[in-house]
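We name chains A, B, ... by the order of the sequence lines, and we start the count at 1 in each one.
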Number of protein chains: 2
Amino acid sequence: MTLSDIEFPTPSEDADCRPVREILDRIADKWSLYIFVALKDGPVRFNALRRQIDGISQRMLTITLRQLERDGLISRTLFPTIPPRVDYELTAVGRSLLAPVMALVTWADSNRDVIEEARRQHDQTR
Amino acid sequence: MTLSDIEFPTPSEDADCRPVREILDRIADKWSLYIFVALKDGPVRFNALRRQIDGISQRMLTITLRQLERDGLISRTLFPTIPPRVDYELTAVGRSLLAPVMALVTWADSNRDVIEEARRQHDQTR
DNA sequence: CGGCATCCGAGGGGATACTG
DNA sequence: CAGTATCCCCTCGGATGCCG
């Protein structure tokens, strides 16, 4: 079976593909994917997110959260207690994106051995 | 699957989830996704790729193709004609990644209106 | 606790010129 | 046609410090 036998739904990308590119660039930046995974089971507080996502700085966590909030993918809830508490949560739209994202993560997890082997092979051959 | 590696990384050196992160970072860089989509129907030549992927420079196309080749996701075939011809094609592993990637692209395509509206709302409210 | 402002270095990435 | 090589800008993102 060749690749051309596989049919994929063709989104109307030729006419007006720039919005799609903007969205993909947002989804596919350095940290958004990890925030999505971290929020998949429900609301998480700011510093809890920071601990879950290894290596993210406070600055980038804030920036990325703001962008995702602007896109309507996550919601921010402030509890005016002392000390303050802020919950971040996937919106309905955000949850609909969770399936494709998790498919990607699952793929990466189950193919990491294959990829690492390919890298070794390639580095040896060159 | 071991998603818990990503959600709850051990605070110390986590040797398990980092490979997954490396793979995701590779998939989720600026150009890889678009190369994948461009190759979804079969082999494509270098300059054809360059024309299909709007805005990519020759330099970044070369670099990204090399990385994907190193990871065993695409293959490079040189025809020693004059002028030379080089075909790039998804490997079997690369094709297995196509489904998750296309799911993401399809999502972005069918949700762009929702996201643009959310952005307008957000920019107005602030 | 959950931010924002500022500084600053590394590197991503564009433009251009050259080669097999 | 399909690259490599070089230069260089400019954004990303880490570190630090301050605030409500």
Please state how far atom [atom1] in [X] lies from atom [atom2] in [N], giving the value in whole angstrom units.
X: I53(A); N: dG2(C); atom1: CD1; atom2: P; result: 14 Å
X: F79(A); N: dG2(C); atom1: CZ; atom2: P; result: 11 Å
X: L61(A); N: dA15(D); atom1: CG; atom2: C1'; result: 16 Å
X: I56(A); N: dG3(C); atom1: CD1; atom2: P; result: 12 Å
X: D87(B); N: dA2(D); atom1: CG; atom2: C1'; result: 12 Å
X: W31(B); N: dG11(C); atom1: CH2; atom2: P; result: 21 Å
X: F46(B); N: dG20(C); atom1: CZ; atom2: C1'; result: 15 Å
X: R50(A); N: dG2(C); atom1: CZ; atom2: P; result: 10 Å

Problem set entry | Heavy-atom donor-acceptor pair, S32(A) side chain to R26(A) backbone, under 3.5 Å |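 Yes, S32(A) side chain to R26(A) backbone: donor-acceptor pair under 3.5 Å.
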If you only use heavy atoms from C-beta on, which nucleotide in [options] is closest to the side chain of [X]?
X: P84(A); options: dC4(C), dG20(D), dG3(D); result: dG20(D)
X: K30(B); options: dG14(C), dG14(D), dG3(D); result: dG14(C)
X: R66(B); options: dA2(D), dT4(D), dC1(C); result: dT4(D)
X: T62(A); options: dG3(C), dG3(D), dG13(D); result: dG3(C)
X: R45(B); options: dG13(C), dG3(C), dA2(D); result: dA2(D)

Between the protein and nucleotides 6-10 of chain D, list every N/O to N/O distance that falls short of 3.5 Å.
none

For this session: Decide, yes or no, whether a salt bridge links E117(A) with R120(A) under the criterion of side-chain N to carboxylate O below 4.0 Å.
Result: yes
Exercise. Any ion pair linking R70(A) and D123(B) (charged N to carboxylate O, less than 4.0 Å)?
Worked result: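 Yes, charged N to carboxylate O under 4.0 Å.
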Exercise. At what angle, to 10 degrees, do the two end axes of the helix from dC1(C)-dG20(D) to dG20(C)-dC1(D) meet, given five pairs define each axis?
Worked result: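 Nearest ten degrees gives 50° for this helix.
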